[in-house]
Amino acid sequence: MPQTVPSDRVTAAAAALSTYLVDRQFGAEKINRFAALCEETRRALDLDSRLLLAEMLERTAESNDTIRLRSVLFLLTGDLYHYERILHYLILGGDSADPAALHYTHWCMSRQLFLGAASGDKLASFVPCDLFRSYTAMVRQIARRWDLTPPRAALRDGPIRRVAMVTNQFTNQGHQPTRDCFDFAARMQDEFGLDVAIINVNGLPSRVENVFIPPMVAEVAADLEGVFALKMFGRQVKVASFTEPVFGRDKLSVIVEAIDGYDPDLIVSFGGSNIVSDLFGDSGARPVVALPTSSGITLSLAPIVLGFEERDHTQSIPTLYRTPFARRFRPFTFGYTLPPSSGVRVDTGFPDGTVLFAVVGTRLDQEVTGEVLSLLDDILDRCPAAGLVFAGDVRELPAQLAPLRNAARMRCLGHVADIRALYARCHVFLNPPRQGGGGGAAFALAEEVPVVTHGWGDGASVSGPEFCVGDRAAYLDRAVTLATDSAARTVAGTAAKARFAAIGDRNRCVERLLAYGEEARSLLRAERAGAN
């Protein structure tokens with residue numbers, strides 16, 4: 001069989017990428033140029049060409065940097081084999097591996113998985129096997145090497161009275177997870193009479209630790225430092241915030257000591273890969289309940305891990321890896337609280353009365369792919385009087401719209417502070433294929449805007465089966481029907497409002513969270529009694 005001959009474009013891409021793969025001097029600007037080149041290459045070449053390119057690089061690149069090479073090969077192909085190689089390299093390094101580099105690499109990988117960059121059948125087992133086990137090993141290595149195993153606290157009698165809400169990222173009221181974290185804490189305090197503190201760990205990477213492509217540096221609100229009372233949406237909650245950018249022993253030690261000093265009856269681990277909470281949960285130092293902020297598998301060492309929804313997602317995990325997840329899973333509904341709205345008209349650039357589709361998100365540059373744009377173009381072809389708006393900060397998307405047939409009927413609005421006021425002008429919410437999108441879908445439902453979504457991810461979990469479609473053709477037909485048939489849109493709008501009423505009772509969610517907290521306390525008591 002004749003060998004495949006690389007095209008000039010593939011050969012040129014290999015030469016350009018090889019220059020970066022062998023470079024020994026890297027700063028932030030060069031890493032960003034390297035990442036931009038990889039992304040440009042990924043978009044410019046079809047999959048077969050990218051696979052050939054990856055084969056060429058793996059065979060010829062003179063790189064001793066496993067993380068750099070394998071992260072690039074994954075970005076080009078979506079093949080999780082390359083992430084497996086990175087994890088095995090780090091795990092085999094044992095105590096010689098820098099915990100800060102382990103932490104940074106874990107989050108870079110997790111972000112790409114969240115963005116849906118992985119392809120193939122390995123995904124079903126990669127997260128519950130490779131990623132979960134490497135995360136567990138990392139937490140235990142941090143506890144051992146940095147002497148960060150918290151002391152076992154005495155378990156007080158009586159109901160829960162004091163709660164520490166530990167979060168990896170807490171920034172501002174425009175950030176949906178921040179709003180949700182604050183809302184859960186405020187409700188436990190104000191509606192249930194508990195003493196509650198938000199512990200803002202800033203546990204996502206805030207500086208680059210190696211040449212992982214693409215890099216990940218999370219936003220840190222530098223003004224949120226120290227212990228203070230934070231006011232938001234007419235409520236006030238205690239916050240202890242730690243903005244030190246270095247992920248190291250000193251920072252984590254201060255945070256662990258602060259939590260111990262607060263002496264909570266329950267730790268709520270807000271979101272996955274919450275290392276500080278897991279230091280307490282894995283050692284049995286205090287009762288911990290993990291509260292996911294997204295659907296699917298949550299990486300946590302807490303004895304109880306709630307679902308983002310009622311459905312038992314652990315049934316989809318391969319049997320060999322299911323037990324540790326199924327044992328700790330509890331059904332739950334995350335719930336939503338509507339943000340305030342002034343009701344002031346949002347300018348969309350379209351005349352009043354125009355039927356408008358809305359695509360909303362904080363990562364639209366990554367989520368609105370070429371395939372999504374092709375679908376949106378087809379939808380507008382069949383809805384010649386309709387328009388489409390994108391709400392969310394973007395840099396690259398406007399240029400991607402320019403060559404589309406219906407570019408003139410698409411608008412990038414940027415960040416919209418009053419999302420409910422925008423929905424008041426929109427008629428259909430289009431959710432692209434993505435893991436996130438729960439908040440945007442929830443608030444659309446509340447404003448009686450029907451959702452069109454594929455059957456997976458947060459948007460699907462929030463919207464429910466009635467608003468999910470099975471494939472591209474069904475997505476197209478449903479979107480067109482809702483835009484062109486006012487009677488169908490009215491029926492769907494009524495169903496949307498009913499769906500939000502069913503999932504949006506945040507007070508009920510808090511009540512259930514605290515009940516699971518009591519179960520976590522009982523489990524820890526039983527565990528300690530059995531060990532004595």
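All values below were derived from every heavy atom in this structure, side-chain atoms included, with hydrogens, water molecules and symmetry-related copies excluded.
Note: Y81 and F126 fail the aromatic proximity criterion, with ring centroids not under 6.0 Å apart. H427 and F357 have their aromatic ring centers separated by at least 6.0 angstrom. Between F334 and Y336, the distance from one ring center to the other falls under 6.0 angstrom.
In this structure, the side chain of D377 engages the main chain of N406 through a donor-acceptor pair within 3.5 Å. In this structure, E310 contributes its side chain and T333 its backbone to a donor-acceptor pair below 3.5 Å. Distance alone, capped at 3.5 Å, is enough to place a donor-acceptor pair between the D418 side chain and the S342 backbone. Here the side chain of R411 pairs no donor or acceptor atom with the backbone of V389 at under 3.5 angstrom. In this structure, T19 contributes its side chain and A15 its backbone to a donor-acceptor pair below 3.5 Å.
Shown here are the side-chain hydrogen bond (donor to acceptor under 3.5 Å, both in side chains) partners of T243, two or more places apart in sequence or in another chain: E225. Partners of A97 under the side chain to side chain contact (heavy atoms under 4.5 Å, CB included) rule, at least two apart in sequence or in another chain, are L102. With sequence neighbours excluded, the residues forming a ring pair (Phe, Tyr, Trp, His ring centres under 6.0 Å) with F325 are F132, listed by chain and number. Annotation: side chain to side chain contact (heavy atoms under 4.5 Å, CB included) contacts of D477 (sequence neighbours excluded): R382. For P215, the side chain to side chain contact (heavy atoms under 4.5 Å, CB included) partners at least two apart in sequence or on another chain are I31, N32, A35, Y104, V208.
Using a 4.0 Å cut-off between charged nitrogen and carboxylate oxygen, E58 and R70 count as a salt-bridge pair. Between E371 and R472 no salt bridge is recorded (no basic side-chain N to carboxylate O distance below 4.0 Å). Salt-bridge formation is detected for the pair R207/E209: a Lys NZ or Arg NE/NH1/NH2 atom is positioned less than 4.0 Å from an Asp or Glu carboxylate oxygen.
Between L388 and L356, the shortest heavy-atom distance links the atoms N-CD2, 4.3 Å. Heavy atoms only, all atoms of each residue included: A483 and V428 are closest at N-CG2, 4.3 Å.
Both tests pass for K30 against the ring of F26: distance under 6.0 Å to the centre and angle within 45° of the axis. Judged by the 6.0 Å distance and 45° axis criteria, R33 is not positioned over the aromatic ring of Y20.
Two residues are said to be in side-chain contact when any heavy atoms from C-beta on lie closer than 4.5 Å; I317 and T314 meet this criterion. Side-chain contact check for F170 versus V201: every heavy-atom pair is 4.5 Å or farther apart. Side-chain contact between I275 and H103: present, with at least one pair of heavy atoms (C-beta onward) separated by less than 4.5 Å.
Applying the salt bridge (charged side-chain N to carboxylate O under 4.0 Å, His left out) definition to pairs two or more places apart or across chains, those involving residues 423-442 are D352-R425, E367-R434.
Judged by distance alone, the side chains of S273 and H106 do bring a donor and an acceptor atom under 3.5 Å apart.
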message = Assess the residue pair R43 and E396 against the criterion (side chain to side chain contact (heavy atoms under 4.5 Å, CB included)); give the C-alpha distance rounded to whole Å, side-chain angles, the decisive distance to 0.1 Å, and a yes or no.
response = CA-CA 13 Å; R43 289 182 175 179; E396 302 171 9; 3.1 Å; yes
